[in-house]
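Predicted model, so just to flag it, every value in this text is computed and none were measured.
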Amino acid sequence: MASFNKLKNVLMLAFHWILHGAGATDTCQVTVTQPRFQEADYSIHTVFLTCTFSAFGCSPSPPQVLWFRFLTKKHEDLCTPGCTDQQKYKVHLSENNILLQINNLTVDDNAVYICGVAFSDSSSPHSKQTGDGTVLTKAEKQHSSRRLAFIFMIITSALLFLYSATVFTFFLVYKVGK
């Protein structure tokens, strides 16, 4: 968790550096919230990650929206503000809600997704904020190996029962016949 917080701090510094602008709105304060976790079933191919923000004392112009993701050993700028892969990622902004649409979802997309909101015309240090991140997990398709193993066990048990019953019957017939 400490390495995640360090990465988040580095991300915030880069975020401020990318979006630093000079403006007259010095009281702008932004708060960004994201759900902690989102799970997707293996059959889901498109997912929407949500992010909401509130802005007080900021200009009425729409903010810049950024999305990043942290994988196990690296981080990626997904939409800063334009998306790097427009077939895979799309950002939808309405009022104070931001959605990141991820298409062709695979287990390789399992990561921590961080939403950033910036009013770049403000010089306030609180005008550029990120959420705490959403952990996205897509379940792998479970192969039917457990089911096959269960069926194999039932068939094997039934065959062993039939074998035992046959041997017992022959033994009984042999003993009664003597």
Identify, with sequence neighbours excluded, every residue that meets salt bridge (Lys or Arg N to Asp or Glu O under 4.0 Å) alongside [X].
X: K74; result: E76
X: E39; result: none
X: K90; result: none

Donor-acceptor contact below 3.5 Å, side chain [X] vs main chain [Y]:
X: Q34; Y: G133; value: yes
X: T80; Y: L66; value: no
X: S124; Y: C28; value: yes

Who passes side-chain contact (heavy atoms from CB on, under 4.5 Å) against D85, sequence neighbours left out?
Q87, K88, Y89
List the residues meeting side-chain contact (heavy atoms from CB on, under 4.5 Å) with N110, not counting sequence neighbours, and say none if there are none.
V107, T137, K138
Taking atom OG1 of T33 and atom CZ of F53, what is their separation to the nearest 0.5 Å?
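The CZ atom of F53 is 10.5 Å from OG1 of T33, to the nearest 0.5 Å.
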Rounding to 0.5 Å, atoms CD (Q64) and CG (L93) come to a distance of 11.5 Å
Go through the structure and list residues passing side chain to side chain donor-acceptor pair (under 3.5 Å) with [X], not counting sequence neighbours.
X: T84; value: none
X: S61; value: S59
X: Q38; value: none
X: T106; value: none

Decide yes or no on side chain to side chain contact (heavy atoms under 4.5 Å, CB included) for V117 and Q129, but give the supporting numbers first.
CA-CA 6 Å; V117 174; Q129 298 293 323; 5.9 Å; no
For [X] and [Y], which heavy atoms make the closest approach, and how far apart are they?
X: V30; Y: S127; result: CG2-O, 3.6 Å
X: L71; Y: A111; result: CD2-CB, 3.6 Å
X: P35; Y: T134; result: O-OG1, 2.6 Å

Could you tabulate the donor-acceptor pairs under 3.5 Å formed by side-chain atoms of residues 44-51, not counting sequence neighbours?
{"residue": "H45", "atom": "NE2", "partner": "S43", "partner atom": "O", "Å": "3.3"}

Residue that, paired with R69, satisfies side-chain contact (heavy atoms from CB on, under 4.5 Å) out of I102, D109, D77, I114
D109
Within the 4.5 Å heavy-atom criterion, are [X] and [Y] side-chain neighbours or not?
X: L99; Y: V91; value: no
X: L105; Y: L136; value: yes
X: F68; Y: L78; value: no

Linking directly or through intermediates, with side-chain heavy atoms under 4.5 Å: list the remaining ILVMFWY members grouped with F56, chain and number order.
none
Could you note down all residue pairs passing disulfide bond (SG atoms under 2.5 Å apart) where residues 67-103 supplies at least one of them, sequence neighbours left out?
C79-C83
